[in-house]
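As structure tokens, the structure follows; a few thoughts come after it.
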Amino acid sequence: MQLLRNIPEVLPRACVATIGFFDGVHLGHRYLIEQVREAASVRGLASGVVTFPVHPRKVVQPEYRPELLTTCEEKVSLLADTGLDYCMMLDFTSEIAVLSAREFMLFLRDHYNIRALVVGYDHRFGHNRSEGFDDYVGYGQELGIEVILARAYIDKETAVSSSGIRQLLLEGCVSEAAACLGYDYFLNGMVVSGYRVGRKIGFPTANLRVDDPDKLVPSDGVYAVRVTVAGRVYGGMLSIGYRPTMANGTDRSIEVNIFNFHSDIYEQYICLSFVRYLRPELKFDSIDGLIAQLYKDAEDASRYL
Ligand SMILES: Cc1cc2nc3c(=O)[nH]c(=O)nc-3n(C[C@H](O)[C@H](O)[C@H](O)COP(=O)(O)O)c2cc1C
Ligand SMILES: Nc1ncnc2c1ncn2[C@@H]1O[C@H](COP(=O)(O)OP(=O)(O)O)[C@@H](O)[C@H]1O
């Protein structure tokens, strides 16, 4: 997949594309992308998506915290795995925001060589939100862009949506979220130092500082996870929360004990994928109580890994 930023100097090949923010690149998005690829193959054209690096609402409202399923880099990498030819990454500037649907379609034709646009029946774009699919078809006829109606992806009678998946993750339902995403939800970040208690109690924990402050962190609790360190994947158990037993700070920590692992990984980048929610974070009467629970968590986590 070729990543094109804003207005490319060289016009891409003639293509079929769709437009969206594609947060999470979930099964609904994947189904839409499949339809783009199908339409492209039938017409002998290339395939692409037009997307934005920053959530359009954050552009108009900078204090907005979107709690995203994917950072821009993660989204591009997931899109690349779908087999698309192009990802057109467009800054949602105030100039773009004021374009009407017709003007936007003209922009897509002239700068991205888009000859066919796949659009969901309820998808809206352009400054005037009262326009809809039939209007887009009309503009397309004028501008030489075929407008194709996309079929919606329905799972168990509800449409899979980024906001639905966000809600699931904020409730700790990581297995249900994975069923909608088509992969286990993950966090990328750097290992930073914590309070150095972990190794003393026999369970060293790598503390994760998430790369992007807008990335959604699932609800507090204990999870079975997979941890990628320097290209190798390990099992592990993860705790998100405030360490009530230790009562050693008010910061929210994301810390993982990696199974069968013994190296110093401070300042290394790791990836955590959520496999299963195990239990809420608890306040134990003693450190020994916590340690006994950690042995049990290790057994529980291993069952799902
Ligand atoms: C799998 C797992 C589960 C945990 N569960 C709890 C818990 O229920 N309650 C709690 O107070 N701390 C819990 N902790 C956090 C420990 O208190 C923490 O690992 C310890 O404070 C070491 O932190 P450090 O890395 O900053 O040294 C858990 C940690 C892990 C890895
Ligand atoms: N099995 C392991 N799981 C997690 N971290 C480990 C493991 N073995 C060694 N480490 C290292 O130990 C550090 C965690 O030790 P810990 O005493 O909990 O200190 P801190 O409070 O700084 O996280 C990790 O950041 C990592 O560099």
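By convention here, the first residue in the shown sequence is residue 1. Read the numbers this way: they start at 1 and go in the same order the structure lists the ligands and their atoms.
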Polar contact flag for Y195 and ligand 2 (N/O pairs, less than 3.5 Å) | yes
Among all protein heavy atoms, pick out the one at the shortest distance from atom 20 (P) of ligand 2; state its residue, atom name and that distance to 0.1 Å.
-> G194 N, 3.3 Å
Please tabulate, line by line, the atom pairs linking an N/O of ligand 1 to a protein N/O at a distance below 3.5 Å, with the distance in Å to 0.1, or answer 'none'.
residue  : atom   : partner : partner atom : Å
ligand 1 : 5 (N)  : R279    : NH2          : 2.9
ligand 1 : 8 (O)  : R279    : NH1          : 2.9
ligand 1 : 8 (O)  : R279    : NH2          : 3.4
ligand 1 : 8 (O)  : L282    : N            : 2.9
ligand 1 : 8 (O)  : L282    : O            : 3.3
ligand 1 : 9 (N)  : L282    : O            : 2.6
ligand 1 : 11 (O) : P244    : N            : 3.2
ligand 1 : 11 (O) : T245    : N            : 2.8
ligand 1 : 11 (O) : T245    : OG1          : 2.7
ligand 1 : 19 (O) : E255    : OE1          : 2.6
ligand 1 : 23 (O) : E255    : OE1          : 3.3
ligand 1 : 25 (O) : T205    : OG1          : 2.5
ligand 1 : 25 (O) : N207    : OD1          : 3.2
ligand 1 : 26 (O) : Y195    : N            : 2.8
ligand 1 : 27 (O) : R196    : N            : 3.1
ligand 1 : 27 (O) : V197    : N            : 2.6
ligand 1 : 27 (O) : G198    : N            : 2.9

Do K58 and E63 meet the salt-bridge criterion of a basic N to acidic O distance under 4.0 Å?
-> no
The closest protein heavy-atom partner of atom 11 (C) of ligand 2 is S263 O, 3.4 Å
To the nearest 0.5 Å, atom CG of N113 lies from atom CG of L4 at 11.0 Å
Measure the distance from atom 13 (C) of ligand 2 to every protein heavy atom, then report the residue, atom name and distance (to 0.1 Å) of the closest one.
-> Y266 OH, 3.6 Å
Which ligand 2 atoms does V191 reach within 4.0 Å, using its non-hydrogen atoms?
-> 25 (O)
Under 4.0 Å between a Lys/Arg side-chain N and an Asp/Glu carboxylate O for D300 and R276?
-> no
Please tell me if the side chains of L79 and I33 come closer than 4.5 Å, counting only heavy atoms from C-beta onward.
-> yes
Carboxylate-amine/guanidinium contact R226 D184, below 4.0 Å = yes
Protein contact of atom 23 (O) of ligand 2 - nearest heavy atom, named by residue and atom, plus distance | T205 O, 2.7 Å
Determine whether the side chains of Y195 and D251 contain a donor N or O and an acceptor N or O closer than 3.5 Å.
-> yes
Looking only at protein heavy atoms, identify the closest one to atom 17 (O) of ligand 2 and say how far it is in Å.
-> R199 NE, 2.7 Å
Apply salt bridge (Lys or Arg N to Asp or Glu O under 4.0 Å) to the pair K215 and E67, showing each step before the final yes or no.
-> CA-CA 5 Å; K215 175 100 178 173; E67 292 208 288; over 6 Å; no
